[in-house]
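One structure is given below, encoded as structure tokens.
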Number of protein chains: 2
Amino acid sequence: MRRVREPQQDRSRLTRQRLLEATVDCLAELGWSATTVAVVAKRAGVSRGATQHHFPTREDLITASLDYMFDSRMESVRLEATGLPPGPGRTEAVVSRLVDHYTGTLFKAALQVWTAAAADPVLRARVLPLEDKFGRVAHRTTVALLGVDEGDPVAHRWVQLTLDLARGLGLADVLTDDSVRRAEIVRQWAATLEMVLEQPALGATQRS
Amino acid sequence: MRRVREPQQDRSRLTRQRLLEATVDCLAELGWSATTVAVVAKRAGVSRGATQHHFPTREDLITASLDYMFDSRMESVRLEATGLPPGPGRTEAVVSRLVDHYTGTLFKAALQVWTAAAADPVLRARVLPLEDKFGRVAHRTTVALLGVDEGDPVAHRWVQLTLDLARGLGLADVLTDDSVRRAEIVRQWAATLEMVLEQPALGATQRS
């Protein structure tokens, strides 16, 4: 049965969404300090009163915006990857989409918030549950996209390595356009992943 | 012939060093906004006048502090690694020291500055030459410590992957102590590096 939405409810939902998107854009573009509720409300074309109705505090607005954008971006990564054919090229396409996620606007916005939280215990307490969720969902999504056996501890670590690497590539793209170098790194990494995930004995190589 | 230093010169050098170290500590602990010249001068126990004599602007102080600490940390990494015996365990020890560098106070301080520079074109212009230098020196140091053939483009990319990964591990340690997970990742990565650097054909695996 389709839910019938009141126009009022739709408007409210759209207002909320505009505020969340404007917040992420402001953080990525203007940075932590300049992303005030007033600046976001103005960019979203929403009154201060309506903004405070949706998000009573600046921290509410900022954490909700990262949470919303993360869900929305992960959904896109999943949808794009679902459309990829199996076979050669698939691993590189999956890694490439994941890494795109870590070099996009959401990563740049989150970096502003994480960095501010590093020196602000109250904000840190708000951000930790997000870090936990983002880590778990990104891991689960990568496991699914690469078709990795979750029960295998070595495969588990290769997924972690992939996400740690993606994070590092995101950081290398903050001040300069690193896309040309990054494309080579992604290609080499995808080739390595294919090798170790298809030949578990290689991936498990441990000195000890 | 040993240079004879005037006591006055020594004092000036020590004052400068105290200011640079206090700046890095303040950035890592208090964050970008709270790291003012006044706060740093107070922590270093140096007068405002003497501070401004050494560093006319806040940006001078901050960029000089990162540059100084980077040189000093890279020198430590090199010295520690020079003392490591060859043979099994060396690669893991080298990777472990590199990664320690990316999870230490300097990385946390630099993250504050990079993140601020992302939203501040004037600061960004000051930081870009540092980013360039840090990238080149870290790469050269890693090449030397791992004993990699610089002329081999595949080995070159493995060194880049190692540094991208180290940067990602640094970011994963900003809000929480990630050291237990990180030790496993470092172990797996060191084993992989040994495998691909000793058997170039494996490391070169490319789908194309």
Side-chain angles (χ1 to χ4, degrees), chain A residues 27-35 88-89 91-92 102 108 111-112 114-120 124 127-128 131-132 135 153-154 157-158 160-161 163-172 174-176 178 181-182 184-185 187-192 194-196 202-208, chain B residues 27-35 88-89 91-92 102 108 111-112 114-120 124 127-128 131-132 135 153-154 157-158 160-161 163-172 174-176 178 181-182 184-185 187-192 194-196 202-208:
Chain A
L27 282 168
E29 192 182 306
L30 310 174
W32 169 257
S33 307
T35 302
T91 304
E92 186 175 329
Y102 281 86
K108 287 171 171 64
L111 184 65
Q112 294 289 333
W114 259 239
T115 305
D120 177 344
R124 183 172 169 279
V127 168
L128 282 179
E131 176 165 278
D132 186 51
V154 173
R157 278 204 293 278
W158 280 101
Q160 289 195 319
L161 276 165
L163 293 170
D164 285 320
L165 176 67
R167 212 182 294 114
L169 290 170
L171 203 47
V174 167
L175 297 189
T176 48
D178 188 42
R181 185 189 76 93
R182 188 166 64 241
E184 277 190 35
I185 294 288
R187 205 171 310 126
Q188 173 124 354
W189 185 249
T192 304
E194 285 201 342
M195 180 177 79
V196 295
L202 275 180
T205 302
Q206 295 276 350
R207 193 177 317 96
S208 53
Chain B
L27 282 168
E29 191 181 307
L30 311 174
W32 169 256
S33 306
T35 303
T91 304
E92 186 175 327
Y102 281 86
K108 287 171 172 66
L111 185 65
Q112 294 289 334
W114 259 241
T115 305
D120 177 343
R124 184 175 169 278
V127 168
L128 282 179
E131 176 164 278
D132 187 50
V154 173
R157 278 204 294 278
W158 279 101
Q160 289 195 318
L161 275 165
L163 293 170
D164 285 320
L165 176 67
R167 213 183 291 114
L169 289 171
L171 203 47
V174 167
L175 297 189
T176 48
D178 188 42
R181 184 190 77 92
R182 188 167 63 241
E184 277 191 36
I185 294 287
R187 205 170 309 125
Q188 174 124 354
W189 184 250
T192 305
E194 285 202 340
M195 180 178 79
V196 295
L202 275 180
T205 303
Q206 294 276 350
R207 193 179 315 95
S208 55

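Residue numbers begin at 1 in each chain, while the letters A, B, ... track the order of the sequences.
Of all non-hydrogen atoms in B/R124 and A/L175, the two that sit nearest each other are NH2-O, 2.7 Å. In terms of heavy atoms, A/S33 sits closest to B/S33 at OG-OG, 3.8 Å.
With a 4.5 angstrom heavy-atom cutoff, B/R181 touches chain A only via side-chain atoms. Residue B/L111 touches chain A through both its backbone and its side chain, counting heavy-atom pairs closer than 4.5 Å. In this structure, chain A has a heavy atom under 4.5 Å from the backbone of B/E29, while its side chain stays farther away.
We find the CG-CG distance between B/L171 and A/D164 to be 9.5 Å, quoted to the nearest 0.5 Å. Note: B/L165 CG to A/L169 CG = 9.5 Å, rounded to the nearest 0.5 Å.
Contact annotation: the side chain of B/V196 never approaches that of A/Q188 to less than 4.5 Å [non-hydrogen atoms, C-beta and beyond]. A/V174 has its side chain out of reach of B/T115: every pair of non-hydrogen atoms, C-beta onward, lies at least 4.5 Å apart. No side-chain heavy atom of A/T176 sits less than 4.5 Å from a side-chain heavy atom of B/D132.
Interface check for chain A: of the options B/G31, B/G135, B/A172, B/G170, the most heavy-atom pairs under 4.5 Å are formed by B/A172.
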